[in-house]
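We name chains A, B, ... by the order of the sequence lines, and we start the count at 1 in each one.
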2 protein chains.
Amino acid sequence: MTKLAFLFYEGMKKKVKAEKKKEIITGFYDLSRLEGIENVSIAKIGKHLGMPPSLIMHYFPNKRLLVLGLIAHILHQYQLIYKPIINKLEKDHKVYPELLVNRLFSREWNLLFDDGVFFSCFAMTFRDETIKKEYKKLHIKLRNTLKTLLDKDPVFARGDTALLAEKIFVVIEGAYYYLSLIEDEKEYERKLSIFKDQVFQLLQVESQLILDENE
Amino acid sequence: MTKLAFLFYEGMKKKVKAEKKKEIITGFYDLSRLEGIENVSIAKIGKHLGMPPSLIMHYFPNKRLLVLGLIAHILHQYQLIYKPIINKLEKDHKVYPELLVNRLFSREWNLLFDDGVFFSCFAMTFRDETIKKEYKKLHIKLRNTLKTLLDKDPVFARGDTALLAEKIFVVIEGAYYYLSLIEDEKEYERKLSIFKDQVFQLLQVESQLILDENE
DNA sequence: TTTAATATTGAATGAATATTCAATAAATGA
DNA sequence: TCATTTATTGAATATTCATTCAATATTAAA
């Protein structure tokens with residue numbers, strides 16, 4: 001086997017392996033949505049995907065690695081929620097508060113993402129340092145993304161964008177947590193508009209402050 | 001046995017029963033702090049308390065009831081954190097923003113309370129309606145307490161105190177969630193002061209708005 | 001002391017758990 | 001075709017789980 005052929009072969013093997021791993025993680029995630037992560041066993045995942053538990057353990061030598069894989073998956077998913085927001089706002093070098101707020105609180109939240117799995121895994125941060133670091137990385141990333149967005153607007157760029165991002169995200173996260181408890185559609189909408197307004201005001205106050213300074 | 005004696009007897013029995021149940025719940029809580037609630041079994045609680053698992057099941061016929069008992073316990077504990085704040089502020093019919101903020105974000109949080117157990121149980125709200133209702137009740141109660149407090153101050157009473165309480169608590173909850181990830185003391189303090197300032201501003205803006213209106 | 005309720009014990013249950021292992025099948029280049 | 005690596009299978013493991021049950025101990029009134 002030539003070196004090139006070998007590398008290609010290795011690449012193929014890795015690809016197959018990666019795909020299989022992804023299939024297992026996705027199965028794990030789907031079952032977790034349905035039954036709660038704490039009720040999902042390796043045997044159940046196997047049954048769900050039509051493979052023996054031993055095959056799962058071939059790709060994930062122990063359950064913790066499987067859980068870590070799931071967490072990497074959902075944190076990636078979580079970030080994806082914000083992708084369309086970023087793409088839209090990145091083009092214009094201007095942050096329109098109303099648009100930003102609407103996108104930050106968009107309903108894609110609940111559709112693309114299972115809060116139950118997210119919070120179950122979050123609870124693990126208290127007992128697993130690796131998981132804690134993953135969650136922290138996510139939060140830092142999200143805040144940085146927003147900061148970068150704000151930095152592109154000449155108005156906000158004059159203020160403390162990191163601080164503003166911090167203040168905005170704490171409301172988003174509080175809302176994300178609190179709203180997950182509310183099932184009544186009308187009540188949900190009412191509260192949602194309160195929190196949107198709250199973030200909107202943060203943006204308004206900040207931009208007003210900056211403009212006043214430079215008059 | 002006279003009726004009175006019977007009632008007394010019944011009362012005694014109930015008291016013993018209640019105390020035993022409390023002992024079990026406390027043991028469950030202590031172990032959950034140490035090992036994570038998902039790793040605590042009835043057998044482990046029994047070992048920890050020096051009693052056979054069958055005795056635990058005598059008081060809690062199945063594990064779900066035991067978990068519900070634990071949740072009632074921690075939600076009660078959670079409320080207690082706010083007790084000193086309320087007592088202090090209730091006497092004066094005046095809300096001092098700085099004092100209120102300092103108390104709302106007091107460090108008794110982390111000392112009296114285990115975040116890991118709280119969030120693990122919170123994750124259960126997504127799969128158990130009873131638990132969800134309990135958590136919701138807690139949040140409503142906390143908001144109402146703050147609203148009542150604000151209502152006692154003639155300044156804030158003129159505004160929408162329910163709305164203000166809602167806005168304050170969403171920051172507290174977001175902060176509670178987010179700060180739980182941060183271990184570095186300095187970083188924690190820095191972020192904490194941001195969120196305190198954020199709530200402080202909510203109070204300031206609101207009171208200023210009300211005072212302006214009545215000039 | 002008798003009675004009746006409750007408290008406590010310890011042994012036993014079957015089901016489910018993560019994990020191991022040996023055997024076979026499939027893929028792929030030499 | 002052969003050799004080697006990886007993928008897949010299915011059976012077996014010990015351990016832990018919540019729960020059941022029958023037997024005994026304790027309590028306190030009658």
Side-chain angles (χ1 to χ4, degrees), chain A residues 1-25 27-28 31-32 34-70 120 124 127-128, chain B residues 1-25 27-28 31-32 34-70 120 124 127-128:
Chain A
M1 191 159 40
T2 66
K3 198 178 174 190
L4 191 71
F6 177 75
L7 285 173
F8 180 70
Y9 175 65
E10 285 288 293
M12 283 302 284
K13 276 200 300 185
K14 270 182 189 164
K15 200 185 157 192
V16 169
K17 197 172 177 179
E19 276 168 3
K20 202 83 192 180
K21 281 178 121 180
K22 196 171 185 178
E23 183 195 349
I24 294 168
I25 293 291
F28 188 11
L31 276 183
S32 297
L34 289 171
E35 307 188 16
I37 192 174
E38 69 276 12
N39 301 315
V40 178
S41 67
I42 291 168
K44 282 182 187 171
I45 300 169
K47 204 173 193 176
H48 178 66
L49 296 174
M51 56 175 78
S54 49
L55 187 55
I56 293 170
M57 302 222 57
H58 174 68
Y59 290 100
F60 298 93
N62 61 61
K63 201 183 180 183
R64 183 164 173 271
L65 291 174
L66 192 59
V67 170
L68 289 180
L70 177 65
S120 291
M124 296 179 195
R127 215 144 285 101
D128 190 309
Chain B
M1 188 159 48
T2 66
K3 196 179 176 187
L4 191 69
F6 176 74
L7 285 174
F8 179 70
Y9 174 64
E10 284 288 294
M12 282 301 284
K13 276 199 299 182
K14 271 182 189 166
K15 199 183 157 192
V16 169
K17 197 172 177 178
E19 276 168 1
K20 202 83 193 179
K21 282 177 120 181
K22 196 170 185 176
E23 183 195 351
I24 293 168
I25 293 291
F28 188 11
L31 277 184
S32 297
L34 290 171
E35 308 189 17
I37 191 173
E38 69 277 10
N39 301 314
V40 177
S41 66
I42 291 168
K44 282 181 186 170
I45 302 169
K47 202 172 194 177
H48 179 67
L49 296 174
M51 56 175 78
S54 49
L55 186 55
I56 292 170
M57 303 223 54
H58 174 68
Y59 290 102
F60 299 92
N62 61 60
K63 202 184 179 184
R64 183 166 173 271
L65 291 174
L66 190 59
V67 170
L68 289 180
L70 177 65
S120 292
M124 296 179 197
R127 216 144 285 100
D128 190 309

B:K17 NZ to D:dT27 P: how many Å, rounded?
18 Å
Measure from NZ on B:K47 to C1' on C:dG10 and round the result to the nearest Å.
15 Å
Distance, rounded to the nearest Å, where A:K44 contributes NZ and C:dA15 contributes P
15 Å
Contact check, residues 52-65 of chain A vs DNA chain D, heavy-atom distance under 4.0 Å, returns A:P52, A:S54, A:L55, A:H58, A:Y59
Would you kindly give the CD1-to-P distance between B:I24 and C:dA7, to the nearest whole Å?
11 Å
Distance, rounded to the nearest Å, where A:I45 contributes CD1 and C:dT19 contributes P:
11 Å
By side-chain contact (heavy atoms from CB on, under 4.5 Å), A:H58 pairs with (sequence neighbours left out) A:L55
N or O in side chain of A:S41 less than 4.0 angstrom from C:dT17 OP1/OP2
yes
For atom CD of B:E35 and atom P of D:dT16, their distance in whole Å:
12 Å
Can you tell me how far P of C:dT9 sits from CD1 of B:I42, to the nearest Å?
16 Å
Considering residues at least two apart in sequence or located in another chain, which fulfil the salt bridge (charged side-chain N to carboxylate O under 4.0 Å, His left out) criterion with B:E23?
B:K20
Which residue is it: A:V40, A:I37, A:I24? I am looking for the one with a side-chain contact (heavy atoms from CB on, under 4.5 Å) to A:L70.
A:I37
Distance under 6.0 Å and angle within 45° of the ring axis: does A:K17 meet both against A:Y59?
no
Just jot down the side-chain contact (heavy atoms from CB on, under 4.5 Å) partners of B:E35, sequence neighbours excluded, or say none.
B:L31, B:N39, B:K44
What is the distance, to the nearest angstrom, from the CD atom on A:E19 to the C1' atom on D:dA7?
14 Å
What residues form a side-chain contact (heavy atoms from CB on, under 4.5 Å) with B:R64, not counting sequence neighbours?
B:N62, B:L68, B:D128, B:T130
